Protein chains: 2
Amino acid sequence: MIFRGRFEYTIDLKGRVNIPAPFRDRLQESAQGSFFLTNFSDCLYAFAADDWARIEERLSRVPSTDRKMNAFVRFFLGGAVEVVPDKQGRILVPPSLRSYAGLEKEVVILGMPNRFEIWSLARWQEEIGRFEKEVHEDLGLAREISALGI
Amino acid sequence: MIFRGRFEYTIDLKGRVNIPAPFRDRLQESAQGSFFLTNFSDCLYAFAADDWARIEERLSRVPSTDRKMNAFVRFFLGGAVEVVPDKQGRILVPPSLRSYAGLEKEVVILGMPNRFEIWSLARWQEEIGRFEKEVHEDLGLAREISALGI
DNA sequence: GGTAATTGTGGGGAAAGGTGGGTAACGGTC
DNA sequence: GACCGTTACCCACCTTTCCCCACAATTACC
């Protein structure tokens, strides 16, 4: 499932964040509106139920003797929670995830292929700043982008 | 059975640790809430009764002539206890396991495929620190992760 | 342009979850 | 058999979460 768009919200004192209405509608169709949230690359990743099931299936095949990959599973699956938006369309972000992603007040939600992401506004701006710099400096990156037909 | 999520608790003076409510519910369905606990990789591994039965079955097939594997069985099975959460949802961690995993005050419980793990907070932070460093330095690891479709 | 519906934010109250402690049963030791 | 430390089973308290309701702001529609 692909998600599109950028949305800005504020996280309230109880740690609740609104989920974009169009995303909620899409998720409603697949799994009664519930989805999965976990920590990765300085933000939170959100997956629809069926995409998440596929991921879990692969995670459970990681051999427990592979030290590095096990550390990853610990981190990724350990961060995971199933969430269901309340009647107002908000979810409660667990404290551990909130602190990982640095969510305090202003929050950005971004559509992505197969997932959407929840960022602290400040961090997201830094990330975008870095990208804009690199796109001008890194020729390989520019070439990769144009190869996408953009 | 797959477990997910990360939970932080404090171990009290009597050596009791809370078990996450969602895990307790899952375990309730399979085996009246009891599960098995043992020592491994600097933390404690917890298995649901039916998964544990499968493990024991395999352990019993280890030939007694295999010196190295026998040492493992001694360690792994020797550490094992069956525990049942009390009415408040806590278990008593035996002193030997407590000291093996370095559990003193703050404790983290992590969901994993087929098991969950009990860590000392400090040790888990080290473990995660190592992982985050490796993910940036080790291109092969990064590639393995993206191969999971994440 | 006015009205209705949708969307986002805040807060109150009930329920659940987590923590600490007291006391009685149990088990091992001298 | 008495004593001591450990474990099991309660009860009580506090914090967090869940489920409402209310309202402001924006958008859609006639």
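Note that the coordinates shown come from a computational prediction; the quantities given were computed from them, not determined experimentally. Lettering follows sequence order; numbering is per chain, from 1.
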**Asked** A:Phe47 vs A:Phe76 aromatic rings, parallel, tilted or perpendicular, using cut-offs 30° and 60°?
**Response** perpendicular

**Asked** What's the shortest heavy-atom distance between A:Val73 and B:Met112, and which atoms?
**Response** CG1-SD, 3.7 Å

Could you run down the sub-3.5 Å N/O contacts of the protein with nucleotides 23-28 of chain C?
none

**Request:** Would you please classify the geometry between the B:Phe116 ring and the B:Phe23 ring as parallel, tilted or perpendicular, with 30° and 60° separating the classes?
**Result:** tilted

**Complete:** In A:Phe7, A:Phe3, A:Trp119, the residue satisfying side-chain contact (heavy atoms from CB on, under 4.5 Å) with A:Leu110 is A:Trp119

**Asked** A:Val84 and A:Ser34: which non-hydrogen atoms are nearest, and at how many Å?
**Response** CG2-CB, 3.7 Å

Could you write out each protein N or O paired with an N or O of nucleotides 7-10 of chain C at a distance under 3.5 Å?
{"unit_1": "C:dG8", "atom_1": "OP1", "unit_2": "A:Tyr9", "atom_2": "OH", "d": "2.8"}
{"unit_1": "C:dG8", "atom_1": "OP2", "unit_2": "A:Asn18", "atom_2": "ND2", "d": "2.9"}
{"unit_1": "C:dG8", "atom_1": "O5'", "unit_2": "A:Asn18", "atom_2": "ND2", "d": "3.2"}
{"unit_1": "C:dT9", "atom_1": "OP1", "unit_2": "A:Thr10", "atom_2": "OG1", "d": "3.4"}
{"unit_1": "C:dG10", "atom_1": "N7", "unit_2": "A:Arg90", "atom_2": "NH1", "d": "2.8"}
{"unit_1": "C:dG10", "atom_1": "O6", "unit_2": "A:Arg90", "atom_2": "NH2", "d": "2.9"}

**Item:** Verify same cluster id: B:Ile109, B:Ile128 (apolar side-chain graph, 4.5 Å)
**Value:** no

**Message:** Using whole Å, what does the distance between atom P of nucleotide D:dT17 and atom CG of A:Leu97 come to?
**Reply:** 12 Å

**Asked** Is there a donor-acceptor pair under 3.5 Å between the side chain of B:Arg98 and the backbone N or O of B:Leu92?
**Response** no

**Request:** Look at the aromatic rings of A:Phe40 and A:Phe75 and report parallel, tilted or perpendicular, splitting at 30° and 60°.
**Result:** tilted

**Asked** Which residue lies toward the 5' end of DNA chain D, A:Pro94 or A:Asp86, if each is placed at its nearest nucleotide?
**Response** A:Pro94

**Request:** Find the distance A:Leu92:CG to C:dG11:P and express it as a whole number of Å.
**Result:** 16 Å

